[in-house]
Amino acid sequence: MDVFGPFLSGLAMLVDPWLLLLVAAGTIWGCVAGALPGLSASVAIAVVLPLTFVLGPIESVGILVGILIGTGYGNSIPAILVGVPGTPSAFLTAVEGFALHKAGKSGFALGSAYFATVSGQWLSILLFTIMVVPLSQLGYVFLSPEIFALHVLGLTAVVSLTGKNIVKGLIAVLFGLSISFIGRDPVNFVPRFDFGIPEFRVGIEPIVFVIGILAVSEIIRSLRQRYQWDSLSTEFSAKFPPVRSLGRLLPATGLGTLIGSFIGAIPGIGSTPAAAIAYQQARLVSRHPEEFGNGSPEGIAANEAAQSSSNAGELVPTLAFGIPGSAAMVLLLGAFSIHGLLPGPLLITRNPEMLHAAIAGLLIATITLAVVGWPLCRLLLRVALLDRSVVLILAAVLTLVGAYMLNRSIVDVFVMLAAALIGYFMIRYGFSTAAAALGMVLGVGLESNLRQGLLLMDGSFVQFLSRPITAGVLLLSLALLVYGAFSTWRLAKRDRRESQPAPSHVE
Amino acid sequence: MDRRVDAALAVLVVALGVFLVVASFGIRPGSVPDPFGSGGLPRVAGVMFIVGGAVLAGRRAVELARGHGRLAPSEGKDDEPGFPASGWRAIHIWLALVAAGIVLLPLGYILTVLGVTFWTLRIMRFGSIRSALLLASIFSISSWALFELALGVRLPRGVLAPLIDLIL
């Protein structure tokens, strides 16, 4: 099996100046978006996603991967200099980095984040290639029952590993699945749930629904509040630390990269838990554990290496099986569908250039960060202190126009806005919008593989479910559901205990 | 989190489930018979909605009956502490976006984007009327130039069509 062939093919794409420019621009936009608290990778991608319609699929994948990598770096700047993480995965960078900044060691903190992100990224690209190529070969042995089981695994992983209430998570998945019923039955092409609207006869455009429920809903939720950073200063002094002082960061960086790459590859977990686990492990192996919590550069390195390498990790199930590893990956799959590519286990075996494009995107984004990452710090701090409302409003307007531009249909705009309103209430009341988006994206594939699989098995559920890989993956899904139910019960018990008044002591 | 609103949402989920089950029986069968059929998965989803919604609604009903009060620990994403929050502001912004969708084709891209950007900036009390208008104007014209002129994406021209045709 040729594992490094795709890597070399991705490397060969670097000679395309247009691709270089696009991915570099995407990376810088990702850095800017990551630096703005409240603007997640999903929103950053959603704003650009409709524009990728005018680009080719390779450029689209490259630019979206660049945005992802950029947000992973940009979020560390306000975390270190202001104590506010740009995205939740930089929380521990904020703890350690802000302490170093207050102690006058801003340069060391920023340099540690920069070093860990860039060096961790190089290693994670290799790990990504080593993981995704063998896994994608499994697509050849997968029939409809196995693909159905993988879809179920992807959905249950998101439901079980995120959110406080598994029942609400399952309802969210079902909601997304129900939206995928609109249009034509994927096996018989019988019209369903089109309510007499001609545009609904071919189904709801997945990407506009996903952008609405994931990104625009979050923007509207954020605009509930008005933010002010007037009292914070943009002045700081930071020199890049001596290279030899960064040597002590190598173990934490390596550990963070390994943990981020492997944990990021598990659908539904994401960069925040990966970063937390890497931080915890780095503390255990550190020669200076007393520094953790008080300004540890190794803590920053582990956190940053893990969250940046988890981006490459999330690409593994997304490209190998068509199971998005995170909300941002759901949007990436949407980008494939814009270009007529069907997400699934055979995506990269049928379209290997998508894998090469992802690798090229990772490489170019890393080179861009290596070149401009350090000089960007000052600019990103100014960006972080911008009026967040303005950026969110401009992003919302751009996504509205982008939804129209996809198919030049005003119905798409209203679908997006309806999804945004529903998503807003879902976020407020604990229903996972990522689960709903995933349900919608995987819904057609899940139903068609279930029904076609049953036809293959002559209608026998026993034969369908007793195939070894199918049974194994479905059992894993069941285990995840049980784990999720247990977590829900434990959280509810804790909430009940905390809401009871403390017993009074009678003397 | 308001228990009553959460319970109402759960009842809505049950209603959605009932709708799916009832509507699924109206889907005509296809030419390729399979064990599930065209209405099978919607029916299953509907039943799961009914069960899930009933569990959530029942939980809140029991809590309210036991006198636990209106407020429950939040299961959703909370507002960031220290900054004023208003649900009506969020809905107002959404309504502004809906209005933009309605007028996008008749008014055209430039005027719609200018109008909705200005309106939503004012909702967020950004700067003065003049600065909001200036920012909205710069944004609408520069984004139009980026999409229409640089990327070649044809945008709705609306009432400014004669002027834009003249320019182009």
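Every chain is numbered from 1, with letters handed out A, B, ... down the list of sequences.
- The minimum heavy-atom distance linking B:Ala7 with B:Arg60 is given by the pair CB-CB, 3.8 Å.
- Proximity to chain A (any heavy atom under 4.5 Å) is shown, for B:Leu41, by both the backbone and the side chain.
- Across A:Met426, A:Gln452, A:Glu447, the residue that shares the most heavy-atom pairs under 4.5 angstrom with chain B is A:Glu447.
- Contacts between A:Leu450 and chain B at a heavy-atom distance below 4.5 Å involve the side chain alone, from C-beta outward.
- Per-residue counts of heavy-atom pairs under 4.5 Å with chain A were compared for B:Val13, B:Leu56, B:Leu20; the largest is that of B:Leu56.
- No other option in A:Leu421, A:Val167, A:Leu398, A:Val173 has as many heavy-atom pairs under 4.5 Å with chain B as A:Leu421.
- For A:Ile427, the parts lying under 4.5 angstrom from a heavy atom of chain B are both the backbone and the side chain.
- For B:Tyr109 and A:Tyr404, the distance between ring centers is not under 6.0 angstrom.
- At a 4.5 Å heavy-atom cutoff, A:Ile219 makes no contact with chain B through either its backbone or its side chain.
- For A:Val390, the parts lying near chain B are the backbone and the side chain together; criterion is any non-hydrogen pair under 4.5 Å.
- Interface check for chain A: of the options B:Ser38, B:Ala10, B:Ala85, the most heavy-atom pairs under 4.5 Å are formed by B:Ser38.
- Of the two parts of A:Phe175, the backbone and the side chain both hold a non-hydrogen atom closer than 4.5 Å to a non-hydrogen atom of chain B.
- For A:Leu417, the parts lying under 4.5 angstrom from a heavy atom of chain B are both the backbone and the side chain.
- Contact of B:Phe49 with chain A is made through backbone and side chain together, with heavy-atom distances under 4.5 Å.
- For B:Leu121, the parts lying under 4.5 angstrom from a heavy atom of chain A are both the backbone and the side chain.
- Proximity to chain B involves both the backbone and the side chain of A:Ile171, based on heavy atoms less than 4.5 angstrom apart.
- For the set B:Val55, B:Val98, B:Val44, B:Ile93, the count of heavy-atom pairs under 4.5 angstrom toward chain A peaks at B:Val98.
- Using a 4.5 Å cut-off between heavy atoms, A:Phe414 contacts chain B through its side chain alone, with no backbone atom that close.
- Contacts of B:Leu135 with chain A are made by side-chain atoms alone, with heavy-atom separations under 4.5 Å and no backbone atom involved.
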